[in-house]
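Heavy-atom basis, side chains included; hydrogens, waters and symmetry copies ignored.
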Amino acid sequence: MLLDDLNSEQRAAACQTEGAVMIVAGAGSGKTRTLTYRVAHLLECGAKPWEILVLTFTNKAADEMKERIIGLVGKSARYIFMGTFHSVFSKILRLEAEHIGYMPNYSIYSTSDSKSLLKKIIKEHDLDYEHLYKPDKVLGRISKAKSQLITSAEYYFSDLCKLDTADGLKYMADIYREYDTRMKQGNAMDFDDLLLNMYLLLKKSEETRMKYQQRFKYIMVDEYQDTNRAQYIITNMLAAGHGNICVVGDDAQSIYAFRGADINNILDFRKHYEDTHTFKLEKNYRSSGNIVEAANSVIDKNKRQIKKNVWTDNPEGEKIGLVRLSTDREEADFVAMRIRSLTASGDCSLKDIAVLYRRNRQSRSIEESLRLKNIKYLVMNNTSFYERKEVKDALAWLALVVNNRDNQAFERAVSSPKRGIGETTLAKLNAMARERGLSLFDAATNTELLQTAFNYGTIKKLQDFCGIICAYSAKCDEADAFELGSRIIEASGLKDCLRMEKTQDSEDRIANIDELIDSMQSFVEAEREELVNELTGESLDTEDRSLAAFMQQISLVSDTDSTSDEKDYVSLMTIHASKGLEFKHVFIVGMEENIFPSLSALASMQEMEEERRLFYVAMTRAKSSLCLTCACTRYEYGQLTFSEPSRFIRDIDPRFLAGGEEKKKRELPKSETDRKMFPWMKPSQEKKPLPLTSLKHNTLTKKTAEGAADKGPVLAMADMEEGMQVWHDRFGKGVIVSLNRDEKNGRAVVDFEQFGQKTLVLLFAKLRKSN
DNA sequence: AGGTACTTATAGAGT
DNA sequence: ATAAGTACCT
């Protein structure tokens, strides 16, 4: 019997197929397992695969779950509609495009496409794109609006717009509107548009809404704690007919508030569905007793959370390792060495090991050390492959063929390879096109128009280019992605250019383009296989082998950058990327203030708590061993910087930390120069790394008024906010508890580390930002 | 138009 | 350290 593999609470959750269900699932409590069996159970009870919609947060999670369900119930599970919000919605929007004023072949703009369009708009309006209206910032605000389902037209009247005005960004709304207009003209959507437009589609057309409400009879949402308002509303809309919606989440693992995730969704869920069946999975099957307890002791420090009792009956296991090294290089070497000894003992392979870090760039030093020791590794990174120039160029050609109106793609494709169309020509063409509301492509194919501004040579160049694009666009409906795509890339001449260079670098670039072509081939073949299996015609994603479908898919797929063809490798990834995964042995590196927690989290309590949850996520990835490392110094922006151990280390109950026996093996700097660089190291400590348990108190808390000199300038009232860490020349370090911004009588209650709570008159107190 | 040399800001996470 | 932007040259 299928459900025998579950414990009673898991089984109860899996069997509750009807109505609103909320599963609060602690780390390692068998959440995926429960969801998987729930789907299998639904199918057993007679639901059809295509009536089930499962929304996940990452593609990885979706793929993994699909595989597991296929393992349970067989290949019919392929027809379950399962994927990330973005990929599922992009497929629906492709089918329903005309209802919302789009063409089915719309482009999906990456963040960098969006930013470059914004920059262009901001420049055109003679606004300051370097400081005030930084594309990054502007896109962030637009994204925030969209995640709250505020359209560009509504934005003018929104609270967000008032905030902009307060921040001196009075043209934000205009920029948003212009951006929106251009995106529509270009038949393009950004990531947030996929959600916003899905919402608009359901809202606008009752017929469509009913269609999907009836189609998706059972809806499941994974990682519910990381959904934003838009996702909350849309899933409710889809479930509005039958009310069969099941959400799974853990507030302690909410780590995407920065991207608009709203923890209130979990809380509001039970208000929205009055008779919600709630299940709590608290038994941890993953980690050793020590790890579970240590992680609990950390998350306990957060104030805002739903109380949970995560427990395990796994053996206590090893204590958590803690090592401080002198430099980031040594930290990396240490990790590599430990990995060596883990695998040498024979009870684990590289696949069982992960190195986690807060920021992508930290992978560098780790990679170097691993390479040096010949340890195979794989960096799970979202960008690297598709951000490479040659890949972007090739993709621009493909994008332009699929969607002629894609101006970003036009600009990139027309100038790579170089064909004598430069800045000047493009500027003129841009102006011309905008004046008439045409796309660059349409302008460039309009001979009469061109003759008003360009000489014969330029016109010829433009039209030759457009001719190639046109020829392939005409074949979009007949040829599949691989067939068409590989021909376009050949015709682009990109590879020919590289071939002529004949350098190692150009060889690599060609290989990258070939890899892209390979991925088109496997896209086409994967789809083909599905077609052969069953022909119900009911599943939305079985038939589409077109280049347009390929382009939309890869825009939403994060890439795993392969540095190794081996199957056995150490995994390197950010903590964010590690969510949902587990490893026998986990290293968390860079456990340092200003890295983890990150510098920008210091300002608010909310962000600090999110960082702590992130640490909780990191710790709970480990099954049997966990090792934390930090360095005294590291290079940042090419400059040597000094670090203190992370405050999160203090959050761990010392009972679960290792004493330091294995650390004796490590040697610390002994040379004369090193001694000068690390004056705080006493000779006796040089024999072994500093045990952090003893170190943390003196390093972290010893900080008195003498540090004031290196503090920042005195804060203005407007720059203060509750939860902010501040420095007072007399009372030292503290946190703002409450704030009254009255101009003359403004006061702040500050909780000082060493002096307790004080009320300060802001007019006189010189508060500085503390780090 | 396009290449090269110099300057500057920069990186927090990812669909 | 490095990518991106600018100034200047061919």
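Taking the P atom of each, C:dA4 and B:dA13 are spaced 16 Å apart, rounded to whole Å.
When heavy atoms are screened at a 4.0 angstrom cut-off, A:T111 is found touching base atoms of the nucleic acid. When heavy atoms are screened at a 4.0 angstrom cut-off, A:S600 is found touching base atoms of the nucleic acid. Heavy atoms of A:Q231 sit nowhere under 4.0 angstrom from any nucleic acid atom. Using a 4.0 Å heavy-atom cutoff across all strands shown, A:R259 reaches at least one base atom of the nucleic acid. Among the protein residues, A:Y256 comes within range of the sugar-phosphate backbone only, with heavy atoms under 4.0 Å from sugar or phosphate atoms but none that close to a base. Across all strands, A:R358 comes closer than 4.0 Å to base atoms (heavy-atom distances). Here A:E611 lies in heavy-atom contact (under 4.0 Å) with a base. Residue A:I421 is classed as a sugar-phosphate contact, given heavy-atom separations below 4.0 Å to backbone atoms only.
The side chain of A:S598 lies closest to B:dG12 when the candidates are B:dG14, B:dG12, B:dT15. Distance from the side chain of A:A577 is smallest for B:dG14 among the nucleotides B:dG14, C:dT2, B:dA13. Side chain of A:K134, nearest nucleotide from B:dA13, B:dT15, B:dT10: B:dT10. Considering only side-chain atoms of A:K418, the nucleotide from B:dG3, B:dT15, B:dA13 that sits closest is B:dG3.
Look at CZ on A:F258: it is 12 Å from P on B:dG12, rounded to the nearest Å. Residue A:N59 contributes atom CG, which lies 8 Å from atom C1' of B:dT15 at whole-angstrom precision. Atom CZ in A:R329 sits about 13 Å away from atom P in C:dA1, given to the nearest Å. Between A:K146 atom NZ and B:dT15 atom P there is a gap of 18 Å when expressed in whole angstrom units. For A:Q639 and B:dT8, the CD to P distance is 15 Å, given to the nearest whole Å. Atom P of nucleotide B:dA9 and atom CG of A:D128 are separated by 12 Å, given to the nearest angstrom. In this structure, the NE2 atom of A:H86 is 4 Å from the C1' atom of B:dT15, given to the nearest Å. Nucleotide B:dA11 holds its P atom 17 Å from the CG atom of A:N594, rounded to whole Å.
Place A:K461 and A:R359 on DNA chain B by their nearest nucleotides, and A:K461 ends up nearer the 5' end. Residue whose closest nucleotide on DNA chain B sits further toward the 5' end, between A:S87 and A:A601: A:A601.
In summary, the side chains of A:S107 and A:D406 do present a donor paired with an acceptor at a separation below 3.5 Å, with no hydrogens or angles considered.
In this structure, A:T641 and A:T633 have side chains that are not in contact, with every pair of non-hydrogen atoms separated by 4.5 Å or more.
For B:dG14, the OP1/OP2 oxygens have a side-chain nitrogen or oxygen of A:N360 closer than 4.0 Å. At the phosphate of B:dG2, neither OP1 nor OP2 sits under 4.0 Å from any side-chain N or O atom of A:R419. Taking only side-chain nitrogens and oxygens, A:R361 comes nearer than 4.0 Å to OP1 or OP2 of B:dG12.
Using bins of under 30°, 30° to 60° and over 60° for the plane-to-plane angle, the ring pair A:F465/A:W397 lands in the perpendicular bin. Ring geometry, A:Y224 versus A:Y232: the interplanar angle falls from 30° to 60°, so the pair is classed tilted.
Counting only residues at least two apart or on different chains, the salt bridge (Lys or Arg N to Asp or Glu O under 4.0 Å) pairs with a member in residues 135-145 of chain A are A:K115-A:D136, A:R141-A:D164, A:R141-A:D167.
Side-chain rings of A:H576 and A:Y256 approach one another, their centers coming within less than 6.0 Å.
With A:F615 as the aromatic partner, A:R612 does not meet the cation-pi criteria of under 6.0 angstrom to the ring centre and within 45 degrees of the ring axis. Judged by the 6.0 Å distance and 45° axis criteria, A:K184 is not positioned over the aromatic ring of A:Y102.
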For nucleotides 4-10 of chain C, tabulate all protein N/O to nucleotide N/O atom pairs closer than 3.5 Å, reporting atom names and distance.
residue	atom	partner	partner atom	Å
C:dG5	OP1	A:K119	NZ	2.9
C:dT6	OP1	A:Y129	OH	3.3

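The side-chain hydrogen bond (donor to acceptor under 3.5 Å, both in side chains) test with A:D226 is passed by exactly one of A:Q253, A:R259, A:K579: A:K579.
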